[in-house]
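Every heavy atom of this structure was used, including side-chain atoms; hydrogens, water molecules and symmetry mates were not. This one's a predicted model, so the numbers in the text were calculated from it and none came from an experiment.
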Amino acid sequence: MTIKITHFETHDIRFPTSLTGDGTDAMNTDCDYSSAYVTIYTDSGLIGHGMTFTIGRGTDIVCHAIRELAARLVGRNPESFFENMGKAWDWMCSDSQLRWIGPEKGVIHLATAAVNNAMWDMFARARGKPLWKLIVDMTPEELVNATAFRYITDVLTREEALEMLEAKEAGKREREALVTKVGYPAYITSAGWLGYSDEKVSHLTKEALANGFNHFKMKVGADFKDDLRRGKMIRSIIDDPANYPSGFKDPSSPELAGKNAGPTGAVLMIDANQVWDVPQAIDYVTGLAEIKPWFIEEPTAPDDALGHAAIRRALKPYGIGVATGEHAHNRMVFKQLFQAEAIDVCQIDSCRLAGVSEVLSVLLMAAKFGVPVCPHAGGVGLCEYVIHLSVIDYVAISGTMERNVLEFADHLHEHFPYRCTMNERGRYNVPSNPKEGYSIEMYKESIAEFEWPNGSYWVGARGGKS
């Protein structure tokens with residue numbers, strides 16, 4: 001039976017996280033975690049949910065762009081897209097008038113992410129598999145056909161990608177069985193937001209230790225003396241053997257090599273969220289060398305590949321790496337970061353890149369350049385998304401998760417019926433429900449409560465005034 005896409009709905013959903021300081025950093029001081037959300041419907045009952053992450057004002061603009069893009073899907077047979085999701089992605093980006101307001105960056109790219117992610121969700125639901133399983137079950141040829149290659153073939157051709165994927169076929173089922181059994185390694189961010197008090201940071205850090213985490217990230221960049229003090233405080237907790245009643249990791253183990261792990265095997269990372277110029281970044285981070293961070297994340301403008309390279313060279317004698325990618329506009333920025341040897345860690349974002357097909361291109365480039373992928377997930381719905389991407393990377397593409405850690409932030413998961421979960425070792429459980437697709441379906445009650453501006457929460461916050 002031929003099916004058709006009949007219509008779609010968009011929702012501007014905003015959560016008042018600015019009231020509690022969740023998500024605060026040196027650049028983004030009053031985040032209301034938000035979702036520009038789309039559901040795409042067919043005449044068969046098959047649906048697909050997608051979203052892109054924002055932090056409050058402007059979400060309505062992204063929703064408008066989503067409507068412009070999704071309207072092009074109405075009347076089409078989704079199976080025609082599923083046959084070759086790489087070509088489908090190219091087509092989604094091909095409207096010349098909409099492309100003009102990018103191209104392939106900014107609001108239109110965020111909107112493309114929501115629509116592409118929704119189609120991948122629909123694809124996985126149609127096949128009765130979680131998204132990661134849908135993709136790792138693909139043949140190498142099918143996975144290559146699902147990937148966006150335009151503008152990156154000077155560093156990675158389709159033929160090279162196919163050869164890489166074929167080489168990883170051996171052992172793929174064993175890797176799948178292992179990650180399903182033990183979970184995917186994670187680090188925690190929600191203990192180190194800049195707006196939290198020392199007491200809250202201390203409590204959350206100890207709580208994270210008790211939950212099995214040994215990688216911790218804190219925000220920096222607002223005040224050097226305060227950052228140094230907070231860093232020493234966190235280090236004093238995570239480096240104290242007394243806080244590990246069940247034992248701790250060997251800091252000389254292979255997965256901790258080069259991470260500046262402390263005596264208990266605990267790792268600290270720092271994140272400036274783009275607040276510095278290049279010379280400022282170098283001076284500031286060298287001053288924090290005594291807290292021994294593994295890397296500095298987003299030390300400067302996210303699309304300044306050469307600036308990141310300069311920072312990396314300057315910090316290398318201190319044993320501090322550079323990570324970025326959360327705000328990298330597209331696969332071409334990642335291509336240049338790899339070419340310039342500008343980063344030690346690649347941080348894909350499931351919504352900043354324009355959906356799964358573009359993410360696959362970055363995962364493949366990272367594997368070719370030997371750069372570990374540690375996705376960004378500090379935001380509503382992102383943890384639900386990126387566990388799929390990390391499992392795809394491990395099982396089908398890079399074949400390694402020894403040095404990789406996936407961000408975890410403990411916020412707003414209760415709004416998703418297929419929420420991500422963690423095991424007792426501080427690792428993500430692998431999604432297993434055949435009905436969950438890309439895991440981003442949101443409860444209707446949550447949408448009704450937090451939709452802007454007329455959801456019940458926001459009406460109540462205005463005292464009932466419209």
Are [X] and [Y] close enough that some pair of their side-chain heavy atoms sits under 4.5 Å apart?
X      : Y      : result
Trp120 : Ile135 : yes
Asn433 : Tyr418 : yes
Tyr428 : Val391 : no
Lys105 : Met332 : no
Glu384 : His413 : yes

Q | Listed partners of His64 passing ring pair (Phe, Tyr, Trp, His ring centres under 6.0 Å), at least two apart | A |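 Once residues adjacent in sequence are excluded, His64 has no partner under the ring pair (Phe, Tyr, Trp, His ring centres under 6.0 Å) criterion.
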
Q) Can you list the residues that meet the ring pair (Phe, Tyr, Trp, His ring centres under 6.0 Å) rule with Phe216, with sequence neighbours excluded? A)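 If we apply the ring pair (Phe, Tyr, Trp, His ring centres under 6.0 Å) test to Phe216, skipping adjacent residues, there are no hits.
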
(Q) Quick test of your reading: applying side chain to side chain donor-acceptor pair (under 3.5 Å), list the pairs with at least one residue in residues 336-346, sequence neighbours left out, ordered by first then second residue. (A)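 Passing the test, one end in residues 336-346: Arg312-Asp344.
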
Q: May I ask you to decide if Leu360's main-chain N or O and Arg331's side chain share a donor-acceptor pair within less than 3.5 Å?
A: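 No; zero donor-acceptor contacts below 3.5 Å.
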
(Q) When you measure from the side chain of Thr324 to the backbone of Pro299, do you find a donor-acceptor pair of N or O atoms at a distance under 3.5 Å? (A)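 Judged by distance alone, no pair lies under 3.5 Å.
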
**Q.** Worked check of side chain to side chain donor-acceptor pair (under 3.5 Å) between His376 and Glu297
**A.** CA-CA 10 Å; His376 169 244; Glu297 179 178 339; 5.8 Å; no

**Q.** CA sep, side-chain torsions, deciding dist, call: Glu68, Arg99, salt bridge (Lys or Arg N to Asp or Glu O under 4.0 Å)
**A.** CA-CA 11 Å; Glu68 292 291 328; Arg99 187 180 184 276; over 6 Å; no

Q) Under the side chain to side chain donor-acceptor pair (under 3.5 Å) criterion, do Tyr438 and His49 qualify, and how do the steps go? A) CA-CA 8 Å; Tyr438 202 2; His49 303 283; over 6 Å; no

Q) Does the ring center of Phe15 lie less than 6.0 Å from the ring center of Tyr33? A)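 For Phe15 and Tyr33, the ring centres are not under 6.0 Å apart.
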
